[in-house]
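Just passing along the structure, written as structure tokens.
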There are 4 protein chains.
Amino acid sequence: MRKKEGNKERDILEAAIKVFAKYGYHESKVSQISKEAEVSVGSIYVYYKSKEDILNKIFSFLWDKLYEKAEKIIADETKSPIEKLNLFIDTFFERFVSMPELAIVYVNEQRHMEMGKNLLPLSYYKYLEIGEQIISEGMKKKLYNPEVNVKVFRFFIIGGIRNLLEFWAKNQIALPFTELRKNVGLIIERGIGNH
Amino acid sequence: MRKKEGNKERDILEAAIKVFAKYGYHESKVSQISKEAEVSVGSIYVYYKSKEDILNKIFSFLWDKLYEKAEKIIADETKSPIEKLNLFIDTFFERFVSMPELAIVYVNEQRHMEMGKNLLPLSYYKYLEIGEQIISEGMKKKLYNPEVNVKVFRFFIIGGIRNLLEFWAKNQIALPFTELRKNVGLIIERGIGNH
Amino acid sequence: MRKKEGNKERDILEAAIKVFAKYGYHESKVSQISKEAEVSVGSIYVYYKSKEDILNKIFSFLWDKLYEKAEKIIADETKSPIEKLNLFIDTFFERFVSMPELAIVYVNEQRHMEMGKNLLPLSYYKYLEIGEQIISEGMKKKLYNPEVNVKVFRFFIIGGIRNLLEFWAKNQIALPFTELRKNVGLIIERGIGNH
Amino acid sequence: MRKKEGNKERDILEAAIKVFAKYGYHESKVSQISKEAEVSVGSIYVYYKSKEDILNKIFSFLWDKLYEKAEKIIADETKSPIEKLNLFIDTFFERFVSMPELAIVYVNEQRHMEMGKNLLPLSYYKYLEIGEQIISEGMKKKLYNPEVNVKVFRFFIIGGIRNLLEFWAKNQIALPFTELRKNVGLIIERGIGNH
DNA sequence: CATGAATGAGTCTTCATTCAT
DNA sequence: CATGAATGAAGACTCATTCAT
């Protein structure tokens, strides 16, 4: 049977994730990706406009699906803001379970994207917006400490999770996913204090 | 000396921090640094072995001082672990007040360093160790929630602060430093929950 | 392939021989070689690891073939040591007839190779060994003056030939090859001969 | 006591000979020479126009003295051409006895000089001329084999000696100078002699 | 579509030389 | 004269991208 069309494009994407995760975007060579994907260098340029385009597509790949799920979470009227926030964070973590390298790429390269002239995919910004909405809902319902600045909180949470994610991606055995998730919940809800 | 009485080595370091902050290490050109420092390209190589060496020195510059201060904090027997942690975090933030670009470089490039073959300066690892010790002290004295995994907590805090730092560095006016600091304290101690 | 059907690797080698012969290794620029070979600079690095690698390959090109021929000469049981030495020297000279620039490169750059960290090709050392063996055979058969130190003789001969070779390569018309060869024979035979 | 004037110029020259001998002209750095001479880099440029100028002066230093002696040899009417040639070669070898590194520089760098735009010192060309005159005298007096082409002979001898010189400079113990000299005499006399 | 040899613009780095002190 | 920090021109090498096959 002839190899299914479309596989090659995906193969390249996954190979790139692996290579970028290992060496970082700038230190990764297109030829390495072609080797990892078992594809010729030329083929990469059939499916992607440039090396940078691959990175862009990786982020679309990451955020499009997350945004899709987040939309469903916020629309669910049966859940409280606190439950929603929990689900929101759950989906985020789950995105990486089957692809830890994606976490590394996210952590290492997203900032580079944000700095450069390249916009991140729209879905990323929409995803963040949903996150803020969930927290705002909680604020309105007095579920959260009113002293806490929402923006600061959001950045703190994202940064904290991002960093943990990286640690987990590199040390999957040392830190079981469930423990990770539980602790994040604890810290967010109650901080570290022994109330 | 042929020109300038200033500290050329320091000028170059500061110029590099600015340029790296703006474009990222890999997109920064040595010639840009030389222009920013108002120094010839050749002069850079009088004081630094290579472009990478400059980055190394930036991290020494960052962590050596922090480690020095952290040592004093932990040695102070008159303070409780909670006070120590607060001071510890204070000094960290203060490191960047007079040099916000250093925060950007720290946030963007430290991971690249950790990935590559280059070790970070020893002071960095020692600094982290002190941080862990302070938390451990607090744990022993039952000041912290025993359910929280220290390692997870450490990574979470560092990541959260790191991310906030970056936001602050890019939007100093939007987010007053004092507000930033106060919120971090709140979140760490009490989480977001409205107890 | 995108252009040319010729052997680009060989073209580059020959171009490099010409350029090195004219300017010397250190004064030769890779860009000059690329021009001489009518090839882009990048192409040179497709076939050779570095400028130095080209020089290495030139010496392999020179000595591999010579060694091959020398092996046949020494194995020939029908010839006397004196005949063998003559043939040995003949093949050496002939190596350069169609490529006088190679003689210049040999004369000028081989010493630099010997001084540096780069080994010459194995074939070179083996070739020399065969030369010594031939002379040793002659010694055993009392064909040569026992007063002459073989090592000194070998160095003398090699140096003498090397120098003549250079003169000839630069002044091919002024000194016919046959005359050159005949004279070398005379000097060697009578210089070393056991009269 | 104040250091004698003029020492510095000579110190630099001797240091340069050592450094050039060890690394070759192109791989030698001016700063290495300054270190070897225990002199500042700037001082070198007080006494020499450029790095190349140092090499030029080395060759003057080598050939001027040799030429001086050669002039006396050829003028001596009491000696036969054969005796003169012997003396001529003696002085050449002796030039290097107290400074083997000079031999290495001569062997390795003189060709580079001959290739480039730089002329060798006049004394060099005059020295060669005297050598040819001595041989011509011998030819006229039928002392040498008329079949031998003088030019070829000259180049052969010079090349042979040059090569031996290098070997000796690098292995002074393995090859006693007297043995070296005796063998050269044997080869030359019998090689060129009219038996 | 697939290939991979060919390309050359773009950078880091070196080091001989200068010149203010 | 002596110094050595400062200079910048020059060159080796890389690698994303192209395109003839």
Side-chain angles (χ1 to χ4, degrees), chain A residues 2-3 5-6 8-9 25-35 38-54, chain B residues 1-9 12 26-34 37-54, chain C residues 1-5 8-9 12 26-34 37-54, chain D residues 2-3 5-6 8-9 25-35 38-54:
Chain A
R2 187 153 158 276
K3 220 182 171 188
E5 299 300 332
K8 206 168 264 198
E9 184 171 357
Y25 175 75
H26 282 99
E27 314 268 275
S28 296
K29 315 302 168 204
V30 173
S31 60
Q32 287 176 326
I33 298 173
S34 83
K35 255 169 228 149
E38 291 176 38
V39 147
S40 77
V41 177
S43 284
I44 291 182
Y45 286 85
V46 171
Y47 296 100
Y48 300 92
K49 270 209 306 292
S50 65
K51 184 182 165 188
E52 198 157 28
D53 186 37
I54 304 177
Chain B
M1 214 189 306
R2 198 149 115 223
K3 225 204 286 180
K4 270 201 165 189
E5 55 306 301
N7 190 335
K8 205 162 279 202
E9 184 170 358
I12 293 167
H26 282 99
E27 313 268 276
S28 297
K29 313 304 166 202
V30 173
S31 59
Q32 287 176 330
I33 298 173
S34 83
E38 293 178 37
V39 146
S40 76
V41 178
S43 286
I44 291 182
Y45 287 88
V46 171
Y47 296 99
Y48 299 92
K49 270 208 306 291
S50 65
K51 184 182 163 188
E52 197 158 27
D53 186 39
I54 304 177
Chain C
M1 214 189 305
R2 199 150 116 222
K3 226 205 283 181
K4 269 201 167 192
E5 56 307 300
K8 204 161 278 201
E9 184 170 358
I12 293 166
H26 282 100
E27 314 267 276
S28 297
K29 314 303 167 203
V30 173
S31 60
Q32 287 175 329
I33 298 174
S34 82
E38 292 177 39
V39 145
S40 75
V41 176
S43 286
I44 290 182
Y45 288 88
V46 171
Y47 296 100
Y48 299 92
K49 272 208 305 290
S50 64
K51 185 182 163 189
E52 198 158 27
D53 186 39
I54 304 177
Chain D
R2 187 152 158 276
K3 219 181 172 189
E5 300 298 331
K8 207 168 265 199
E9 183 171 359
Y25 174 76
H26 282 99
E27 315 267 277
S28 296
K29 315 303 168 204
V30 174
S31 61
Q32 287 176 326
I33 298 172
S34 83
K35 254 169 230 148
E38 291 176 38
V39 146
S40 76
V41 177
S43 284
I44 291 182
Y45 286 85
V46 172
Y47 296 100
Y48 299 92
K49 268 207 311 289
S50 65
K51 184 181 165 189
E52 198 157 27
D53 186 38
I54 305 177

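So you know, we letter chains A, B, ... as the sequences are listed, proteins then strands, and number each from 1.
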Next item on the list: Quickly work out the D:Y48 OH to E:dT18 P distance and round it to whole Å.
Entry: 17 Å
Check: Starting at CG of C:D53 and ending at C1' of F:dC13, how long is that distance when rounded to a whole Å?
Finding: 13 Å
Check: Rounded to whole angstroms, how far apart are OH on A:Y47 and P on E:dT3?
Finding: 9 Å
Check: Please give, in whole Å, the distance from E:dA6 P to C:I12 CD1?
Finding: 8 Å
Checklist line | For F:dT21, the Watson-Crick or wobble partner whose two distances fall under 3.5 Å | finding: E:dA2
Next item on the list: List the atom of B:I44, the atom of B:V30, and the distance in Å for their closest heavy-atom pair.
Entry: CD1-O, 3.7 Å
Margin query: Counting only side-chain heavy atoms from C-beta out, which of F:dT3, E:dA2, F:dA16 sits nearest to D:V46?
Written below: F:dT3
Checklist line | For atom CG of B:N7 and atom P of F:dA5, their distance in whole Å | finding: 13 Å
Check: Which nucleotide, in any strand shown, forms a Watson-Crick or G-U wobble pair with F:dA9, with both distances under 3.5 Å?
Finding: E:dT14
Check: Closest to the A:Y45 side chain: E:dT13, E:dA6, F:dT18?
Finding: F:dT18
Notebook entry, point to check: In whole angstroms, how far is the P atom of F:dG8 from the NZ atom of B:K29?
Noted result: 21 Å
Margin query: Both C:S43 and D:G42 contact DNA chain E. Which one's nearest nucleotide lies toward the 5' end?
Written below: C:S43
Next item on the list: Look at B:K8 and F:dG4 and indicate whether a side-chain polar atom (N or O) is within less than 4.0 Å of OP1 or OP2.
Entry: no
Item checked: Spacing between D:H26 atom NE2 and F:dA12 atom C1', to the nearest angstrom -> 15 Å
Item checked: B:S40 or C:S50, whichever maps to the more 5' nucleotide of DNA chain F -> B:S40
Margin query: Can you give me the closest heavy-atom contact between B:Y48 and B:I12, atom names plus distance?
Written below: CE1-CG2, 3.6 Å
Next item on the list: Please determine, for the side chain of B:V41, which listed nucleotide (E:dT13, F:dC1, F:dT17) has the closest atom?
Entry: E:dT13
Note to self: What is the separation between atom CD on A:E9 and atom P on E:dC1, rounded to the nearest whole Å?
What the structure shows: 10 Å
Next item on the list: Identify the heavy atoms of B:K51 and B:H26 that sit nearest to each other, and give their distance.
Entry: NZ-O, 3.8 Å
Notebook entry, point to check: Looking for any heavy atom pair under 4.0 Å, which part of the strands does D:S34 touch: base, sugar-phosphate only, or nothing?
Noted result: nothing
Checklist line | Shortest side-chain distance from B:V30, nucleotide among E:dC1, E:dT13, E:dG4 | finding: E:dT13
Next item on the list: Please check if the side chain of B:K8 supplies one atom and the backbone of B:Y47 the other of a donor-acceptor pair under 3.5 Å.
Entry: no
Checklist line | Shortest non-hydrogen separation from B:V41 to B:S34 and the atoms involved | finding: CG2-OG, 3.6 Å
Note to self: Taking any heavy-atom pair under 4.0 Å as a contact, classify C:S28: base, sugar-phosphate, or nothing.
What the structure shows: sugar-phosphate
